[in-house]
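First the structure, in the form of structure tokens, and then the observations on it.
Convention: sequence-line order gives letters A, B, ...; per-chain numbering from 1. Side chains included, hydrogens not; waters and symmetry mates left out as well; all remaining heavy atoms used.
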Amino acid sequence: MHYWLFKTEPDDFSIDDLAKSPQGVARWDGIRNYQARNFLRDVVRQGDRLFLYHSSCRVTGVAGIADIVTDPYPDPAQYEAESPYFDPKADASHPRWYCVDIRFSQKCPKVIPTKTLKACEALADMALFKQPRLSIQPVTPAECKRPVITPCRLVASCAGAEFQDQPA
DNA sequence: GCCAACGTTGGC
DNA sequence: GCCAACGTTGGC
């Protein structure tokens with residue numbers, strides 16, 4: 001089981017949008033970066049979990065966690081001519097882009113700000129800081145255990161609030 | 001909204 | 001296969 005960090009622009013799709021989706025499940029599509037695609041296609045699997053990161057907004061940072069509920073499958077949008085994610089070079093027999101379905105798990109009482117993550121020395125090597133443009137990136141087990149982002153008793157730094165992980 | 005950093009494209 | 005031009009990301 002792996003942990004990931006998925007980035008999203010909340011004006012476009014936020015943790016609340018995920019929570020409001022039917023059964024809390026939404027397709028994570030539109031990934032059009034090869035390194036992110038490779039993680040998605042080759043490493044991400046059903047049962048993995050992710051931190052949802054809000055980018056390009058007033059308070060950037062980790063907004064909640066979600067579960068990967070499918071294995072990767074070809075992103076249908078690459079074949080849809082009217083979609084912004086249409087890729088004329090994608091071939092049905094050799095899909096270029098992949099997606100997964102994710103399910104809402106928990107929302108942080110307050111977004112854990114980027115600067116809080118940055119202030120944690122043990123998180124200094126996170127891909128988030130080393131490769132700021134990577135929209136799907138692994139989070140190591142050691143990073144997951146840091147109090148600021150630990151998924152099971154999120155989030156000491158969020159206004160002192162924390163909450164228990166839901167059993168699967 | 002700016003702009004630096006980075007990823008992609010395409011001519012050679 | 002290089003690399004300049006271009007497009008996009010994302011913090012500020």
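Across the protein-nucleic acid pair, Arg58(A) atom CZ and dG1(B) atom C1' stand 17 Å apart, rounded to whole Å. Across the protein-nucleic acid pair, Leu134(A) atom CG and dT8(B) atom P stand 10 Å apart, rounded to whole Å. Remark: P of dT8(B) and CZ of Arg37(A) are 10 Å apart, rounded to the nearest angstrom. Straight-line distance from the CG atom of Asp11(A) to the P atom of dG10(C): 14 Å, rounded to whole Å. Going from atom CD1 of Ile31(A) over to atom P of dT9(C) covers 10 Å, rounded to whole Å. Gln131(A) places its CD atom 13 Å from the C1' atom of dT9(C), with the value rounded to the nearest Å. Glu9(A) places its CD atom 13 Å from the P atom of dT8(C), with the value rounded to the nearest Å. Between the NE2 atom of His54(A) and the P atom of dC12(C) there is a distance of 17 Å, rounded to whole Å.
Relative to the side chain of Ser55(A), the nucleotides dG10(C), dT8(B), dG10(B) differ in distance, and dG10(C) lies closest. Between dG10(B), dT8(B), dC12(C), one nucleotide has an atom nearer to the side chain of Asn33(A) than all others, and that is dT8(B). Of all nucleotides listed (dG10(C), dT8(B), dC12(C)), dG10(C) comes nearest to the side chain of Ser56(A).
Scanning for ring-ring contact (aromatic ring centres under 6.0 Å, His included) contacts around Phe6(A) gives Trp28(A), with sequence neighbours left out.
Using modelled atom types and a 3.5 Å distance limit, the side chains of Thr114(A) and Tyr53(A) yield a donor-acceptor pair.
Between Trp97(A) and Tyr34(A), the gap from one ring centroid to the other is short of 6.0 Å.
Asp71(A) contributes no side-chain N or O that, together with a main-chain N or O of Arg45(A), makes up a donor-acceptor pair within less than 3.5 Å. No side-chain donor-acceptor contact under 3.5 Å links Asn38(A) to the backbone of Gln35(A).
Remark on DNA chain B: of its neighbouring residues Pro132(A) and Arg96(A), the 5'-side contact belongs to Pro132(A), judged by nearest-heavy-atom nucleotide.
As judged by a 4.0 angstrom heavy-atom cut-off over every strand, Lys118(A) is placed among residues touching the sugar-phosphate backbone only.
Of the side-chain N and O atoms in Tyr53(A), none sit less than 4.0 angstrom from OP1 or OP2 of dT9(C). Between Lys7(A) and the phosphate of dT9(C), there is no side-chain N or O to OP1/OP2 separation shorter than 4.0 Å. Residue Lys130(A) places no side-chain N or O under 4.0 Å from the OP1 or OP2 atom of dA5(B).
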